[in-house]
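The structure appears below as structure tokens.
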Amino acid sequence: MINILKLKLIKTYIFIAAFTPLEAFLAPVIVVFYLKYIGISFIQYSNYIALLLILNSLLEVPMGVVSDLIGRKKALIIGNFIYFISMGVILYTPNIYTLYITAISFSIGSTLSSGNLGSIAYEIFSDNKIEDKYGIFFSKVGSISIGVSALAALAGGYLADIDISYPMIVDTLILGSKVLIGILIFVVFWPRNIDNNEKNSEQNNRESNTHKNKINLNIILSDFKKAKDVILKKDYLLSLILGAACFSLLRTSLNFYQPALVSTGVSETELGYLFSFGILISSLISFLCTHYNLIKMEIKFGYYFMVVMSLSSSLLFLYDNGIHFLFFLGFIFHQIIRVIIPSIESHNIQFSIPRNYKYRTSVISFSFLFKAIVTAIFISITGYITSKDISYTNTLVFLHVSIIVALVLSLFFLRNIKEKKSMEAL
């Protein structure tokens with residue numbers, strides 16, 4: 001009976017979370033918000049985003065240990081509460097000093113709450129012996145969240161046209177409400193464990209998870225040392241560097257669309273339309289790639305396709321001449337590439353690691369950390385470039401040309417490594 005009640009409560013919370021995605025109203029104008037409302041320069045904003053990327057990467061594992069130590073439900077609520085307070089501080093005291101201080105609290109809140117909802121849900125689905133429905137349920141909820149995010153983007157652009165702070169205020173109030181709902185569901189209405197054996201079992205599981213995480217930290221450090229024979233291999237390093245370059249260039253270019261469009265006279269409402277359409281296009285491409293295996297069909301074709309998309313975006317940005325439709329089209333092309341590249345680059349990295357390699361997970365973890373560091377560096381450098389009177393549009397063109405170079409090099413590298421592995425197989 002208790003398990004059924006827990007299942008109903010967790011499903012209720014997940015549906016509420018789907019209808020209240022984080023910063024959905026602010027997303028289409030987030031760069032403009034920081035530039036206008038906080039009053040910082042683009043280079044300061046770039047350094048701030050770079051700092052967030054580094055902090056999130058460094059805090060991911062430690063906050064996982066904290067989550068298991070205090071319990072996932074508490075971690076979820078506390079993480080959301082810290083994030084909520086950080087948003088409120090930004091709204092109440094908008095200045096550069098507050099911004100950099102809250103970067104730490106934003107990262108703590110984000111990493112503390114991330115992953116916990118899925119873990120809580122899976123355990124409850126498992127207790128009710130319906131774990132096979134877990135993926136289906138989250139897939140349906142994910143579809144709802146995409147639709148809500150697209151609608152929120154439209155509303156966020158409209159609100160920002162009235163006052164640039166309104167989307168942030170709405171998102172802050174929504175997150176505050178979600179914290180209260182989390183307290184009601186996981187603290188007030190969550191059934192107590194009447195059975196002492198069940199209570200002791202839950203405590204033992206928590207202690208076991210904490211102990212495992214402490215062990216995992218030691219294992220991760222140890223495995224990194226043992227995995228250096230692959231990490232230092234030419235094939236892996238080339239794959240890692242080119243993959244990180246592609247990802248970093250794409251992520252960096254995202255920072256430029258909003259200020260570039262606003263500088264040409266595009267309103268915040270129009271930004272909302274563009275971002276909303278971008279969400280729907282990204283979701284459609286992701287669906288096609290996942291359900292029809294477009295990525296696996298032919299990696300080489302994927303590269304050719306992305307090169308054409310990047311070249312098209314560059315030309316559209318270069319010859320925009322105030323025709324906003326062309327700029328919008330370039331952004332949509334960018335969204336398509338952004339969905340496809342991670343899958344192909346992930347394939348390259350996996351392919352460069354020897355088959356049945358014991359420390360594969362450690363090598364992949366290193367690649368994530370390396371990618372975050374490279375992205376942070378790229379974001380900071382391009383922020384500095386724009387401070388030298390180089391326009392946002394010209395920087396976008398430069399970034400997309402760089403993406404083309406990285407893609408062509410990746411394609412050449414992939415062909416060489418496949419030929420080498422074929423020779424080794426003989």
Side-chain angles (χ1 to χ4, degrees), residues 1-27 56 60 63-64 66-88 105-153 155 169-194 198-199 201-203 205-206 209 279 283:
M1 187 68 182
I2 287 179
N3 285 339
I4 294 173
L5 179 56
K6 286 181 178 179
L7 182 64
K8 289 180 179 178
L9 288 171
I10 195 67
K11 280 187 173 182
T12 301
Y13 185 84
I14 291 169
F15 271 116
I16 290 170
F19 280 99
T20 55
L22 186 64
E23 296 182 344
F25 286 84
L26 182 64
N56 281 336
E60 194 69 46
M63 288 301 107
V66 172
S67 293
D68 283 326
L69 186 66
I70 66 176
R72 294 192 180 100
K73 292 187 288 292
K74 287 181 182 177
L76 178 65
I77 294 170
I78 293 171
N80 283 337
F81 179 72
I82 292 172
Y83 205 98
F84 163 72
I85 293 297
S86 303
M87 293 173 77
S105 56
F106 270 127
S107 298
I108 292 172
S110 175
T111 52
L112 188 59
S113 58
S114 69
N116 281 312
L117 183 57
S119 298
I120 296 166
Y122 185 81
E123 287 177 359
I124 294 170
F125 273 68
S126 182
D127 288 341
N128 284 274
K129 295 180 172 54
I130 54 169
E131 56 264 40
D132 56 316
K133 296 182 179 179
Y134 172 85
I136 298 170
F137 176 74
F138 266 89
S139 179
K140 291 178 180 178
V141 170
S143 300
I144 294 171
S145 185
I146 290 168
V148 171
S149 296
L151 291 173
I169 292 172
V170 172
D171 280 327
T172 304
L173 292 174
I174 287 172
L175 184 57
S177 301
K178 194 155 62 173
V179 170
L180 292 175
I181 291 168
I183 293 171
L184 287 173
I185 287 178
F186 294 122
V187 178
V188 178
F189 298 127
W190 200 258
R192 301 289 186 273
N193 292 317
I194 301 171
E198 186 179 350
K199 187 175 182 179
S201 175
E202 189 174 285
Q203 180 64 27
N205 285 337
R206 185 181 299 171
N209 284 333
I279 290 171
S283 304

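Across every non-hydrogen atom of A24 and D171, the tightest pair is N-OD1, 3.4 Å. Shortest non-hydrogen contact noted between V141 and A18 is CG1-CB, 3.3 Å. Here the closest non-hydrogen pair linking F19 and I144 is CZ-CG2, 3.6 Å. Contact detail for L117 and A17: the closest heavy-atom pair is CD2-CB, 4.3 Å.
Residues L180 and L184 form no side-chain contact, since every pair of their non-hydrogen atoms from C-beta on lies 4.5 Å or further apart. Here the side chains of P191 and L9 are in contact, with some heavy-atom distance below 4.5 Å. For the pair F186 and R72, the minimum side-chain heavy-atom distance is 4.5 Å or more. Contact of the S114 side chain with the M63 side chain is not registered, since no non-hydrogen atoms from C-beta on lie closer than 4.5 Å. A heavy-atom distance below 4.5 Å is found between the side chains of V187 and I77.
Going from atom CG of L112 over to atom CG of N80 covers 9.0 Å, rounded to the nearest 0.5 Å. Taken from CD1 in I14 to OG in S145, the straight-line distance is 12.0 Å, to the nearest 0.5 Å. Between the CZ atom of F106 and the CD1 atom of I85 there is a distance of 11.0 Å, given to the nearest 0.5 Å. Residue N116 holds its CG atom at 10.5 Å from CD1 of I78, rounded to the nearest 0.5 Å.
With sequence neighbours excluded, no residue forms a ring-ring contact (aromatic ring centres under 6.0 Å, His included) with F81.
Of the listed residues (I169, L26, L175, I82), just one forms a side-chain contact (heavy atoms from CB on, under 4.5 Å) with M87, and that residue is L175.
Below 30°, between 30° and 60°, or above 60°: for F137 and F15 the angle between ring planes is above 60°, a perpendicular geometry.
At least one donor-acceptor pair under 3.5 Å links the side chain of Y134 to the backbone N or O of G118. With hydrogens and angles ignored, the 3.5 Å screen pairs a side-chain donor or acceptor of T12 with a backbone N or O of K8. Panel note: side chain T20, backbone I16; a donor-acceptor pair is recorded below 3.5 Å.
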Check step by step if side-chain contact (heavy atoms from CB on, under 4.5 Å) holds for K11 and F125. CA-CA 10 Å; K11 280 187 173 182; F125 273 68; 3.9 Å; yes

